[in-house]
Amino acid sequence: MSQLIVKIREITEVIPHPNADRLEILKIDHWQTIYNKDVFKAGDQCVYFPPDTVFPEDVAEYLGILNYTSPLGKVNGIRPPGVRVRAIRLRSEESFGLVVTIDALDNVIQTFPKDEDSDEPPEILEVGSDVAALFGVTKYTPPEPCRDGDAAAPHPRFHAYTGIENIRNFGDILQDGEEVIITEKLHGMNARVGKIKTVDDETGDVVWEYMCGSHGVRRKEFDAKGVRSQFWSILTDPVKALLDELCNNENNVVLFGEIFGPGVQDMHYGMKDKIFRVFDLSVNMKYLGFEEKSAAFNAHGIVTVPILYRGGFSWDVVNQFSSGPTTMCEAEDAGKFKGREGVVITPVVERFDVEIGGDGRVILKSISADYLARKGGTEFQ
């Protein structure tokens, strides 16, 4: 799950909207949003709220942005409080997130005072200051569907997948010309399967155990009714062979991928059954580089998510591949939404950067505005 980054930013460029006389395109770092004409100019400060920012409804109404947000989806029949920032196309141009004037920050602080027990706002707010807490905004977290009786005890070596940050928040991490892999980001359910070192509770002997799970929950193979978990269905013979080879009774191995198809999310990619496609592999909690993991996948005939590009990094390349039709099937078979969720960008050679935060792994995503703006979408983890 990526971070919520709400900062005071500087508008770097203002461009006339090619299809609307009363609108302008604002460039804010590596983000793009659309606003009314003649409000901002290059060099102005603003507060930028990226897609998936969740506002308290009263704050959104006070700022005049309530009509540009969406209510949160129901969880177990109940709609959580707050409204969500999305992305749209306005007259064919992409608009990501929302922007407010810097004056709105002082007004919100005065109108919606912080709790007495919370920290006081910093005395000086300047470009780069994180102001999420001052607006009371949070990050949208997709729900994970409830499944009675199928959660197993977590295991520290059967780790969850690394967080993937939005590249537009970290636009200077990848260098122009750096060799990268761009894959299509599939809209499904994150899944993991591993072979992990454990200890038998009764004998104390070391046991190498297969484990399966969703992004955040390890799953039992069968629930209380004897129904096998869909996450265990990905433990096929080729996957077992890969895990066995890399484990060799020495190493903890975790394979990561996506389950998609009918009944998983609102995008089924023309599939008749649920499908699993892999995208990453770790050995002893260290992710393998592209060449090494590709060789392992190929050796066992394991299919990966679509690779769209390998070559030098540039923003033109990112923008080229972020949108467009899915490559998983013909457009007419894709379903109601025929486009891409977005792409994932990784260096060919694994590396880390402290600026990203978290575990610092350099792996970034770019999400399509068309995907974020689609109607009736589902977004479970």
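Between the side chains of W31 and N169, at least one donor N or O lies within less than 3.5 Å of an accepting N or O. In this model, no donor atom of one side chain and acceptor atom of the other lie less than 3.5 Å apart for S229 and E221. Between the side chains of Y371 and H187, at least one donor-acceptor pair of N or O atoms lies under 3.5 Å. Side-chain N/O atoms of R219 and S214 include a donor and acceptor closer than 3.5 Å.
Under a cutoff of 6.0 Å and an axis angle of 45°, K240 and Y210 form a cation-pi pair. Taking the centre and axis of the six-membered ring of Y140, the NZ or CZ atom of R84 falls inside the cone set by 45° and 6.0 Å. Cation-pi contact between R192 and F158: present, with separation from the ring centre below 6.0 Å and deviation from the ring axis of at most 45°.
Counting non-hydrogen atoms of other residues, nucleotides and ligands closer than 6.0 Å to CG of N248 gives a total above 12. For CZ of R91, the number of neighbouring non-hydrogen atoms (other residues, nucleotides, ligands) closer than 6.0 Å is 12 at most. Other residues, nucleotides and ligands contribute over 12 non-hydrogen atoms within 6.0 Å of the CZ atom of R79. More than 12 heavy atoms of other residues, nucleotides or ligands shown are found within 6.0 angstrom of CD on E332.
Aromatic pair Y35/F40: centroids less than 6.0 angstrom apart.
Look at D150 and K220 and you find no salt bridge, because none of the NZ, NE, NH1 or NH2 atoms lies under 4.0 Å from a carboxylate O. The residues R89 and E94 are annotated as salt-bridged, a charged nitrogen and a carboxylate oxygen being separated by less than 4.0 angstrom. Ion pairing between K27 and E93 fails under the 4.0 Å rule for side-chain N and carboxylate O. Ion pairing of K7 with D130 is absent here, as no side-chain N (NZ or NE/NH1/NH2) approaches a carboxylate O to less than 4.0 Å. Between K197 and E209 there is no salt bridge, since no side-chain nitrogen of the basic residue lies less than 4.0 Å from a carboxylate oxygen of the acidic one. A salt bridge is absent between K37 and D21: the closest approach of a Lys/Arg side-chain nitrogen to an acidic carboxylate oxygen does not fall below 4.0 angstrom. With respect to D266 and K336, no salt bridge is recorded, no charged nitrogen being found less than 4.0 Å from a carboxylate O.
Put simply, CH2 on W208 and OG1 on T198 are 9.0 Å apart, with the number rounded to the nearest 0.5 Å. Considering CG of D353 and CD of E165, their distance stands at 12.0 Å, rounded to 0.5 Å. Between atom CZ of residue R9 and atom CG of residue D29 there is a gap of 5.0 Å, rounded to the nearest 0.5 Å. A distance of 9.0 Å separates CG in L26 from CD1 in I15, rounded to the nearest 0.5 Å. In this structure, D333 CG and K338 NZ are separated by 8.0 Å, a value rounded to the nearest 0.5 Å.
The residue from R374, K185, K365 that alone fulfils the side chain to side chain donor-acceptor pair (under 3.5 Å) condition with E341 is K185. Each of I34, V39, D38 was evaluated against N36; a single residue qualifies, V39, per the side chain to side chain contact (heavy atoms under 4.5 Å, CB included) test. When each of I356, I345, T346 is checked for a side chain to side chain contact (heavy atoms under 4.5 Å, CB included) with I363, only T346 meets the rule.
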Worked verdict on T12 versus I28 for side-chain contact (heavy atoms from CB on, under 4.5 Å) = CA-CA 6 Å; T12 52; I28 305 167; 5.7 Å; no

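Using bins of under 30°, 30° to 60° and over 60° for the plane-to-plane angle, the ring pair F321/Y309 lands in the tilted bin. Between Y287 and H159, the ring planes are perpendicular. Angles over 60° get that label, and only those under 30° would be called parallel. Between F55 and F135, the ring planes lie perpendicular to each other; the angle is over 60°, past the 30° to 60° tilted range.
Between the side chain of S95 and the backbone N or O of L90, no donor-acceptor pair lies under 3.5 Å.
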